[in-house]
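Working notes for the structure below.
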Amino acid sequence: MQFARINDVTIHYQIIGAAGDKPVLVFANSLGTDFRIWRDVIVRLAGDFAIVLYDKRGHGLSDLGQMPYTMEDHATDLAGLLDLLAVKDAVICGLSVGGLIAQSLYQRRPDLVRALILCDTAHKIGTVESWNNRIARVEAEGIESIADGVLELWFTPAFRRPENTAFGGYRNMLIRQPVEGYVATCAALRDTDFTEAAKKIAVPTICIVGDQDGSTPPELVLSTAKLIPNARYEVIKDAGHIPCIEQPEALTAVIRAFTDFALHGEKGP
């Protein structure tokens, strides 16, 4: 395990190296998860890319840090980690809140971003009321009190079948996240609106969504793609909010095609 002290927060991260001429892919994960959600994607990409994964503050093995959080706090943490690792000009792949972190990173440190893969995310997610309601319930009753409803939004009925052992494991991942970090990141999501900022993104960008995503539905992700100049849009079949878990092979194919286009001008999706 690898750890770094960034902005007075201990950040848990992992590097999977590659030859020096290979591009760098950075993965930022969703609310209530840690970087293990990317495993079945990165095993298909290792060797062709140098890969950076990390647990954002308040999640996984990273520290809670000082609260409340803003999206800029999350982005500054990622910028600090990439500076420490001497990474520039990377392809940033962010899922859900990770996609908002990626957008915020581009606003603050465009030198770090060569292209954006915005996966099951948007320029703005949810409403003030919906986030406040979730925060109040989690503070009063814990993450487990909302877990079943959240998991219905995350995964397709086929994945949620009782005999699927993996589904129980991902439920454990959600309910074992620190309540304080989960709530603080909910507040950061509540307070983030990148509608105007999205119109100023000037690097190659693709917006990807599972066709059964209940958290950031296809029409919301498409609306974000329409805001971003020349952004591409791709739907992953038979997937909910976390295609890297349900459809890693399909998501990997989209990532490869897009990075070929973004980095080399080859035909992408």
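Keep in mind the model is a prediction, meaning the values are calculated, not measured.
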Checklist entry - Can you check whether Asp120's main-chain N or O pairs, donor with acceptor, with Thr216's side chain at less than 3.5 Å? => result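 Yes; judged by distance alone, with no hydrogens or angles, the pair exists.
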Checklist entry - Mind checking what makes side chain to side chain contact (heavy atoms under 4.5 Å, CB included) contact with Ser145, not counting sequence neighbours? => result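 Only Arg137, Glu141 meet the side chain to side chain contact (heavy atoms under 4.5 Å, CB included) criterion with Ser145.
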Checklist entry - Nearest heavy-atom pair of Leu81 and Ala4: which atoms, and what distance? => result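 Closest approach of Leu81 to Ala4, heavy atoms only: CD1-CB, 4.4 Å.
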Checklist entry - Do you know the tightest heavy-atom contact between Ala122 and Thr224? => result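 Looking at all heavy atoms of both residues, the closest pair is CA-OG1, 3.2 Å.
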Next on the checklist: Suppose the criterion is ring-ring contact (aromatic ring centres under 6.0 Å, His included): which pairs have a residue in residues 81-110, not counting sequence neighbours?
Outcome noted: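 Every pair satisfying ring-ring contact (aromatic ring centres under 6.0 Å, His included) with a residue in residues 81-110: there are none.
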Using ring-ring contact (aromatic ring centres under 6.0 Å, His included) as the criterion, list what pairs up with [X], not counting sequence neighbours.
X	result
Phe27	Trp38
Phe35	His12
Phe159	Phe155

Linking Ile, Leu, Val, Met, Phe, Trp and Tyr through side-chain heavy atoms less than 4.5 Å apart, which residues share a cluster with [X]?
X	value
Phe3	Met1, Leu61
Met67	Leu64, Tyr69
Leu227	none

Next on the checklist: Test side-chain contact (heavy atoms from CB on, under 4.5 Å) on Ile16 and Leu53; report intermediate values, then the result.
Outcome noted: CA-CA 9 Å; Ile16 300 172; Leu53 308 111; 4.3 Å; yes
Item to check | Pairing residues for Asp77 by the salt bridge (charged side-chain N to carboxylate O under 4.0 Å, His left out) criterion, not counting sequence neighbours | outcome: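 Arg57.
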Item to check | Counterpart residues, salt bridge (charged side-chain N to carboxylate O under 4.0 Å, His left out), relative to Arg109 (two or more places apart) | outcome: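 So Arg109 forms a salt bridge (charged side-chain N to carboxylate O under 4.0 Å, His left out) with Asp83, Asp111.
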Next on the checklist: Are more than 12 heavy atoms, taken from residues, nucleotides or ligands other than Arg5, located less than 6.0 Å from that residue's CZ atom?
Outcome noted: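 Buried by this count: over 12 neighbours within 6.0 Å.
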For residues 185-199, dump all side-chain donor-acceptor pairs below 3.5 Å to protein atoms at least two apart in sequence or in another chain.
| unit_1 | atom_1 | unit_2 | atom_2 | d |
| --- | --- | --- | --- | --- |
| Thr185 | OG1 | His74 | NE2 | 3.4 |
| Thr185 | OG1 | Gly181 | O | 2.9 |
| Arg190 | NH1 | Asn132 | OD1 | 2.8 |
| Thr192 | OG1 | Ala188 | O | 2.6 |
| Asp193 | OD1 | Thr195 | N | 3.0 |
| Asp193 | OD1 | Thr195 | OG1 | 2.5 |
| Glu196 | OE1 | Lys199 | NZ | 3.4 |
| Glu196 | OE2 | Lys199 | NZ | 3.1 |

Checklist entry - Are side-chain N/O atoms of Asn133 and Ser130 paired as donor and acceptor at under 3.5 Å? => result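 No.
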Checklist entry - Under 3.5 Å, is there a donor-acceptor pair linking the side chains of His241 and Asp213? => result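 Looking only at side-chain atoms, Asp213 and His241 do form a donor-acceptor pair, the distance falling under 3.5 Å.
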Checklist entry - What residue pairs, at least two apart or across chains, pass salt bridge (Lys or Arg N to Asp or Glu O under 4.0 Å) with a residue in residues 146-159? => result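 Of all non-adjacent pairs touching residues 146-159, those that pass salt bridge (Lys or Arg N to Asp or Glu O under 4.0 Å) are Asp148-Arg171.
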Checklist entry - SG/Cys93 to CD1/Ile51 distance, rounded to the nearest 0.5 angstrom? => result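 So the gap between those two atoms works out to 10.5 Å.
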